[in-house]
Amino acid sequence: MIRNTFVLLPSVGAKKEKAIWESGVRTWDDFVSADRVCSMKPDAKSRGDSVLSQADELLSTGEFRALADMVPRGEHWRMFGDLRGKAKYLDIETDGLSRDALVTLVTVHSPKETVTLTEGIDLTPENLADALDGTELLVTFNGSCFDVPVLRNSFPEVDLDMPQYDLRFASRKVGYRGGLKPLEIDLGISREEDIDGMSGADAVRLWKQWSRHGDRDALDILTEYNRADTVNLERIADVIYGRLVREHAGFRW
């Protein structure tokens with residue numbers, strides 16, 4: 001999808017991009033090789049050629065962060081097709097909703113492994129950095145508004161500046177509303193019985209049971225809940241990306 005993206009060009013938004021696609025110019029190569037594109041003046045076409053050639057070089061050489069800087073933040077989902085194998089999925093639990101809340105659990109998931117770090121046990125800047133090592137695209141649900149700002153506040157030394165595919169906002173582009181749990185239900189994703197129906201408020205309660213009373217069962221359930229929040233993002237990301245490509249792009253590739 002990223003090589004079909006033209007919103008990184010000056011003065012090209014969703015409407016103009018769609019017009020470019022419908023004119024038969026669907027890829028960066030199509031654009032650069034065309035004599036003219038839609039109603040673009042020659043100087044605008046020339047600038048577009050330069051921008052897309054730069055973007056193509058960045059993509060080809062794996063400079064994904066530099067490429068992401070050229071793409072509007074809300075369109076970073078378009079990089080998922082190329083970066084799926086280098087993406088990691090993240091979700092956190094806290095003892096409250098403010099940005100200075102205590103981070104209690106962090107799970108980082110990839111197809112190769114799932115790592116959960118717990119406050120007071122193994123949640124350290126070094127371990128979090130290790131878990132995120134190699135991440136080229138971070139997949140979250142509302143992470144751009146909550147998880148990442150909270151982590152930056154608590155662990156300023158950890159690199160969290162990679163592009164982000166935030167499923168809260170990406171799913172809205174294809175008609176979904178509400179939180180992660182209703183989205184899972186809509187997509188037919190089920191949870192184990194002992195965590196089915198749990199909410200963020202339950203997560204705070206379970207943490208208090210563990211931190212104040214040493215209730216290991218409470219910590220185990222909280223860990224299972226946090227891991228489900230994170231692991232399920234992988235399946236959701238695939239589904240939402242497919243629908244975005246088909247529906248948001250306006251035609252089948």
Side-chain angles (χ1 to χ4, degrees), residues 1-10 12 17 20-21 25-34 46-91 106-115 117 125-141 143-144 147-149 151-152 155-167 169-170 173 230-231 233-246 248-249 253:
M1 182 66 199
I2 191 61
R3 292 185 188 274
N4 305 95
T5 294
F6 298 110
V7 292
L8 70 173
L9 297 178
V12 174
E17 180 182 60
I20 293 173
W21 288 334
V25 176
R26 296 190 175 186
T27 69
W28 294 347
D29 286 343
D30 291 344
F31 188 103
V32 173
S33 62
S46 179
R47 288 194 299 272
D49 291 345
S50 178
V51 170
L52 294 180
S53 295
Q54 179 187 1
D56 186 66
E57 182 177 355
L58 292 173
L59 182 59
S60 299
T61 56
E63 298 180 63
F64 304 116
R65 296 193 187 197
L67 176 60
D69 287 341
M70 300 176 68
V71 179
R73 183 167 298 181
E75 304 300 326
H76 283 179
W77 65 266
R78 300 176 185 229
M79 302 178 70
F80 182 68
D82 286 86
L83 297 182
R84 182 184 279 106
K86 298 180 180 180
K88 291 192 179 182
Y89 306 80
L90 176 139
D91 187 75
V106 180
T107 294
V108 179
H109 168 71
S110 74
K112 294 182 179 179
E113 65 176 350
T114 303
V115 176
L117 304 172
E126 296 77 16
N127 287 343
L128 180 57
D130 286 345
L132 290 168
D133 186 45
T135 307
E136 297 291 359
L137 182 69
L138 192 64
V139 183
T140 68
F141 190 94
S144 58
D147 302 65
V148 170
L151 287 175
R152 282 196 176 117
F155 303 99
E157 60 272 78
V158 176
D159 179 14
L160 289 160
D161 290 333
M162 63 285 288
Q164 188 176 162
Y165 173 18
D166 190 328
L167 292 167
F169 300 102
K173 293 177 182 287
T230 313
V231 172
L233 295 178
E234 182 176 10
R235 182 174 169 189
I236 294 169
D238 280 332
V239 173
I240 296 301
Y241 177 74
R243 294 186 181 182
L244 281 165
V245 170
R246 292 193 301 271
H248 184 64
W253 299 97

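The shortest side-chain heavy-atom distance between Gln54 and Met70 falls under the 4.5 Å cut-off. Considering only heavy atoms from C-beta on, Trp77 stays 4.5 Å or farther from Ile240 through its side chain. A heavy-atom distance below 4.5 Å is not found between the side chains of Thr114 and Tyr89. The closest side-chain heavy-atom distance from His76 to Val71 is below 4.5 Å. At a threshold of 4.5 Å between non-hydrogen side-chain atoms, the residues Leu151 and Leu90 count as touching. Side-chain contact between Val245 and Asn4 is absent, with no heavy atoms from C-beta onward closer than 4.5 Å. Between Thr5 and Ile2 the shortest side-chain heavy-atom distance falls below 4.5 Å. The shortest side-chain heavy-atom distance between Trp28 and Leu8 falls under the 4.5 Å cut-off.
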Show the numbers, then the answer: is there a side chain to side chain contact (heavy atoms under 4.5 Å, CB included) between Phe141 and Asp147?
CA-CA 9 Å; Phe141 190 94; Asp147 302 65; over 6 Å; no
Between His109 and Leu233, is the side chain to side chain contact (heavy atoms under 4.5 Å, CB included) condition met? List the steps.
CA-CA 9 Å; His109 168 71; Leu233 295 178; over 6 Å; no
In sequence, state the C-alpha distance, the side-chain angles, and the governing distance for Asp82 and Leu137, and then conclude on side chain to side chain contact (heavy atoms under 4.5 Å, CB included).
CA-CA 10 Å; Asp82 286 86; Leu137 182 69; over 6 Å; no
I would like to know whether Val25 and Ile20 meet side chain to side chain contact (heavy atoms under 4.5 Å, CB included); could you show each step before the answer?
CA-CA 6 Å; Val25 176; Ile20 293 173; 3.8 Å; yes
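The CG atom of Leu160 sits 6.5 Å away from atom CG of Leu128, with the distance rounded to the nearest 0.5 Å. The line from CG of Asp30 to CH2 of Trp21 is 12.5 Å long, rounded to the nearest 0.5 Å. Annotation: the span from Leu58 atom CG to Phe64 atom CZ amounts to 10.0 Å, rounded to 0.5 Å. For the atom pair Glu17 CD and Leu9 CG, the distance stands at 9.0 Å (nearest 0.5 Å). Atom CG of residue Leu83 and atom CD of residue Glu136 lie 6.5 Å apart, to the nearest 0.5 angstrom. Atom CE in Met79 sits 12.0 Å away from atom CE in Met162 (nearest 0.5 Å).
Checking side-chain atoms of Lys88 against main-chain N and O of Asp133 turns up a donor-acceptor pair under 3.5 Å.
Scanning all heavy atoms of the two residues, the minimum distance from Leu167 to Ala237 falls at CD2-CA, 3.7 Å. The nearest pair of heavy atoms linking Ala87 to Pro111 is O-CD, 4.5 Å. Between Ala170 and Leu244, the closest heavy-atom pair is O-CD2, 3.7 Å. Across Pro125 and Val158, no two heavy atoms sit closer than the pair O-CG2, 3.6 Å.
Taking Ser53 as the reference, nothing meets the side chain to side chain donor-acceptor pair (under 3.5 Å) condition, with sequence neighbours excluded. Residues satisfying the side-chain contact (heavy atoms from CB on, under 4.5 Å) test with Asp166, not counting sequence neighbours, are Thr140, Ser144, Gln164, Arg168, Phe169. Residues meeting the salt bridge (charged side-chain N to carboxylate O under 4.0 Å, His left out) test with Asp161, sequence neighbours left out: Arg152. For Pro72, the side-chain contact (heavy atoms from CB on, under 4.5 Å) criterion is met by Val7, Glu75, not counting sequence neighbours. Listed by chain and number, the residues in a salt bridge (charged side-chain N to carboxylate O under 4.0 Å, His left out) with Asp130 amount to none (sequence neighbours excluded).
Ring geometry, Phe80 versus Tyr241: the interplanar angle exceeds 60°, so the pair is classed perpendicular (tilted spans 30 to 60°).
Listed by first then second residue, pairs satisfying salt bridge (Lys or Arg N to Asp or Glu O under 4.0 Å) with a partner in residues 48-67 read Arg3-Asp56, Lys45-Asp49, Arg65-Asp159, not counting sequence neighbours.
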